[in-house]
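This report refers to the structure that appears directly beneath it.
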Amino acid sequence: MSKNLIQPRTLKGFRDFLPEMMLPREQLIDTCKQVYRSFGFAPIETPTLEYFEILAGKGSEETDRQMYHFQDSGERHVGMRFDLTVPLARFVSQHSQALGMPFKRYHIATVWRGESPQAGRFREFMQCDFDTIGTTSLTADIETGLVIVELLIAIGVGGFQVRINNRKVLNGLLDKSGLAEHATSVLRVIDKLPKIGPARVSEELKSTCTANDQQIASILEFANITGTNQEILITLDRLVAGNELGELGCSELRTLVETYDSLGLPSEQIQIDPSIARGLDYYTGTIFESFLTAIPKIGSVCSGGRYDNLADLFTKEKLPGIGASLGLDRLLAAMEQLGQLPKTKTPAAVMIANFDANSQTVYLELARKLRQKRINVELYPEPKKLGIQFKHADRRGMEAVIVAGPDDVAKRVVQVKWLASGEQSEVSLDASASLLASELSSKLQIRLG
RNA sequence: GUGGCCAUAGCUCAAUUGGUUAGAGCGCUGGUUUGUGGCACCAGAGGUUGAGGGUUCAAUUCCCUUUGGCCACCCCA
């Protein structure tokens, strides 16, 4: 009769998260919130499902193909969101009167894309978006870059580099060289430059974008520019000279870089990279991508840009925006590969051993006092042998175990044992909560509720 | 969606050219006589070899299909 068990399994590209993954994952989410809030971004939430027409045709042809969609029982054609930016465009169009402009929001939520999974690439993953809507001011662009830098520093992933570019520069150049009508496909090809090299890029430009040799040469020169930010800007100025849009893009890029410089950001952290283009169709100005120096192969962990026309499809109001998105699950996968995740399996910092069946109330009271001091406490549920209980606490990575047997309870004391050092001391029951609180505050912050 | 590589216990891997009851380490559960984890020793649970079909006297091993993982294309967080 046990033959007909259903095999427990998860869908391709979808995953379960065990406590040791969820603890750092939730910590990342907290860090995002903290950084976003520090810049004044406010939280919002939108539905998982949208009318298909809201989502369709907004990202790119590719995102349309990858979108999960179906008809609900009321025959409505429904899509699952593949990013948080398109729902945001709908959201601000629908609520602009209530929100007022400019509007800054963050949105941390799951999105779905039916693409082929790989390392750091899933069908269900979490994005942490922040956006500023209703202003074309470059200050918003500058702050977007600052948020990314602050975020990656706060997360503590080690070395990283934010690369910036500007679609106006790209489009201006294409305009100037007569390739404007193939802009999208040219941009896609440029994006591949670091991966496939200049030879194959020029092949593809010729075949898919019908570019001539001169056009290819200028595109390659553009995408291949290297040097300091200042050197790159000088070359860019020369390449776009005479094209109004391109010149504007260059001056925007210059403003960003010079501002970051005067704010004292190290130039390794924010670098102009003319080859980044972003596949998404909706970007119109500044674009960002960011890579971890330890594991660039996993792809961009935080990217975004300016999109001045995204809400045009939903409203006649002018609602330009800029923002970026941290790929939380990709970042987590990177940190796992780099061995940066702690192996803690519990949020509890302290365990109260369950020694004596008659002292349950004492334990429960003590646990409550510790929680009032913002210490996460687990009370072992049954009075098993102490060895077992200690092992339980140790295996899960707790900091301390509190033991109070009948003799201790009679004397109004507890034994506090620190698992890492093995030190043990007797403290009075009444003082133990505050004592532990001060001891623990110098240890792992992560487990202080 | 296309192509390539892979699939044995929770994890990392064994199993002589296809040969009989598929093994080890780590992990897990419990024990080493009852107030203390990490070390050591002992025991136990856990696999219809991812699943389904085929070839064969015989399949973990060969073939097909399927599912999943990784890689490339594509695209992206």
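Naming: A, B, ... by sequence-line order, numbering from 1 per chain.
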What's [X] touching, base or sugar-phosphate or nothing? Going by heavy atoms closer than 4.0 Å.
X: Thr63(A); result: nothing
X: Gly114(A); result: nothing
X: Glu204(A); result: sugar-phosphate

With a cut-off of under 6.0 Å to the ring centre and 45° to the axis, is Arg163(A) in cation-pi contact with Phe288(A)?
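Verdict for Phe288(A): no cation-pi partner in Arg163(A).
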Just to verify, what does Phe82(A) make a ring pair (Phe, Tyr, Trp, His ring centres under 6.0 Å) with, not counting sequence neighbours?
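Testing Phe82(A) for ring pair (Phe, Tyr, Trp, His ring centres under 6.0 Å), a comparison that skips the adjacent residues, returns none.
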Give me the distance, rounded to whole Å, that separates [N] from [M] when you measure between the [atom1] atoms they each carry.
N: rA7(B); M: rC39(B); atom1: C1'; answer: 36 Å
N: rU61(B); M: rC6(B); atom1: C1'; answer: 15 Å
N: rU29(B); M: rG10(B); atom1: C1'; answer: 13 Å

What I want to check is whether an N or O donor and acceptor connect the side chain of Arg121(A) with the base of rC75(B) at under 3.5 Å.
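When only heavy-atom distances are counted, Arg121(A) does reach the base of rC75(B) through a donor-acceptor pair under 3.5 Å.
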Ignoring hydrogens and angles, does a donor from either the side chain of Arg113(A) or the base of rC75(B) sit under 3.5 Å from an acceptor on the other?
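Donor-acceptor pair under 3.5 Å: no.
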With sequence neighbours excluded, tell me which residues meet side chain to side chain donor-acceptor pair (under 3.5 Å) with Thr144(A).
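None.
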Heavy atom of residues 401-417 of chain A under 4.0 Å from RNA chain B: which residues?
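When residues 401-417 of chain A is checked for heavy atoms under 4.0 Å from RNA chain B, the hits, listed by number, are Val403(A), Asp407(A), Asp408(A), Gln415(A), Lys417(A).
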Given Arg113(A), Arg123(A), Arg25(A), Arg121(A), the one that forms salt bridge (Lys or Arg N to Asp or Glu O under 4.0 Å) with Asp329(A)
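For Asp329(A), the salt bridge (Lys or Arg N to Asp or Glu O under 4.0 Å) check succeeds only for Arg25(A).
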In whole angstrom, what separates Phe390(A)'s CZ from rU36(B)'s P?
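Taking atom P of rU36(B) as the reference, CZ of Phe390(A) is at 8 Å.
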For rG35(B), is there a stacking contact with Phe355(A), counting only centres under 5.5 Å and planes under 30°?
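According to the criterion (under 5.5 Å, under 30°), no, Phe355(A) does not stack.
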Hunt down the Watson-Crick or G-U wobble partner of rC5(B), both distances under 3.5 Å, from any strand shown, or write none.
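Partner of rC5(B): rG69(B).
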Please find out if less than 6.0 Å separates the ring center of His392(A) from that of Tyr380(A).
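They qualify: ring centres under 6.0 Å apart.
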